[in-house]
Amino acid sequence: MKFRYSLAVLGAMLFIGGCTTSTLKKIEVTEIRGDPGDGLRLTARLESESAQQMHTPWSSTSLLVFFHPLLWHGKTWDIRRKESVVLQRPDSGMGVREDREIFVKATNSPFLLANASEMKKHQELIYRYVITLLNDARRKTGEEAETWDGDAMYEQVLAMCEQEAVANRGDDVFGRKLARLPYTVERAELPMANYTVTVAYTDVEVTSTGTRTVTYYSVTTTGSMPLLDPMSEFDVRIVRQFASLKSGDLLGTVDDTYEIRRKQGGDDDVLQPLLEETNRKEGDPR
Amino acid sequence: MKRLAIMALVTAVCAGCTTAEKYKSVSVETDGSGKVIRRVENESVKQTDSANKKLEFKHIQL
């Protein structure tokens, strides 16, 4: 009988453990009403839906680490994201559906399991940071786009959705125009975790007459450190598929793979900005 | 009875894992006479669900 209860408790723990995988979901509907002359009417509708999960598997590198839960850690983590966007022109009946699948795999990115919940809490920011890295790299290679910022891109898609010319020329033209736009997100910098440091010390002064003066000091300051290991390397795959909303016909597919690796070799793979600045000032004869 | 207690505990913990936030915004553009020429309504729902399985992909093979 006791064995059964133990099994039930174990099962319950496993189930609760499973609940710790959280899925971030977002649904957004935008309706635009324009006035072609005879009053306001619905001219464009945009529906987007996304779901995202972050997985932080842990691995033990030695027996000592295994027996100390505070040292449990992982070296790789991944983000899975699915998105769908539906653009409609209710007046012409035209519409395009874009389905996206994005997989981000981070390697060489050590983290303590105790911090994994914090990473999951900020997974949307982490995701946006990785995509921002990609888009910055694409921009550096000379790839041209009207914008690389998610918010501006959203406005652009909405404006495109409203264009009469696009509405009259059909879904395939619309699909091609969409496919040419780069995949963007709202820009994000490296996520930082804030912390406070309190320094407390005591000063005891003894005069020649033997009088003791004790002074206590306490100073609190704030700082921040990266939430992700700066040595992290990323592999990203983005698949975008476009289909006509009316007929369901496939209009096109974009399949992109990206690798972000730490620069290896040479003297410039690690920078010491403060030291360089000091040297330059000291060595500068001017 | 104990089974029931365990199930209730699991349900309570998992129910507490779900959160949702709703946002709604309306922006209006008018012409010189004050007539509305463009109206944009945006509604979004952000939700965090607890899940027991990974998101499955259709196109990306892992």
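Letters A, B, ... mirror the listed sequences (proteins, then strands); counts begin at 1. Model, not experiment: these values are computed from the prediction.
A heavy-atom distance below 4.5 Å is found between the side chains of D49(B) and K25(A). Side-chain contact between V36(B) and L40(A) is present, with at least one heavy-atom pair separated by less than 4.5 Å.
Remark: side-chain polar atoms of E101(A) are paired, donor with acceptor, to backbone N or O of H59(B) under 3.5 angstrom. Judged purely by atom type and a 3.5 angstrom limit, R80(A) uses its side chain to pair as donor or acceptor with the backbone of L55(B). Although no hydrogens or angles enter the test, the distance criterion places no donor-acceptor pair under 3.5 Å between the side chain of K46(B) and the main chain of I27(A). Using modelled atom types, no side-chain atom of E41(B) and backbone atom of R33(A) make a donor-acceptor pair closer than 3.5 Å.
Using a 4.5 Å cut-off between heavy atoms, K24(B) makes no contact with chain A at all. For L46(A), no part sits under 4.5 Å from any heavy atom of chain B, backbone or side chain. With a 4.5 angstrom heavy-atom cutoff, E47(A) does not touch chain B via any of its atoms. At a 4.5 Å heavy-atom cutoff, the contact between Q52(A) and chain B is made by backbone atoms alone.
Every residue two or more places apart in sequence or in another chain that forms a salt bridge (charged side-chain N to carboxylate O under 4.0 Å, His left out) with E29(B) is listed here: R38(B).
The shortest non-hydrogen separation linking K82(A) to F57(B) is CG-CE2, 3.8 Å.
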**Request:** Begin from the C-alpha positions of D35(A) and R39(B) and carry the test salt bridge (charged side-chain N to carboxylate O under 4.0 Å, His left out) through to its verdict.
**Result:** CA-CA 9 Å; D35(A) 186 0; R39(B) 180 184 166 90; over 6 Å; no
**Item:** Worked verdict on E28(A) versus E43(B) for side chain to side chain contact (heavy atoms under 4.5 Å, CB included)
**Value:** CA-CA 6 Å; E28(A) 194 165 6; E43(B) 211 171 325; over 6 Å; no
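Most heavy-atom pairs under 4.5 Å with chain B: of the set K26(A), Q53(A), R237(A), this distinction falls to Q53(A).
Using modelled atom types, one finds a donor on one side chain and an acceptor on the other under 3.5 Å when comparing N42(B) with T30(A).
Taken to the nearest 0.5 Å, the CD atom of E124(A) stands 9.5 Å off from the OG1 atom of T48(B).
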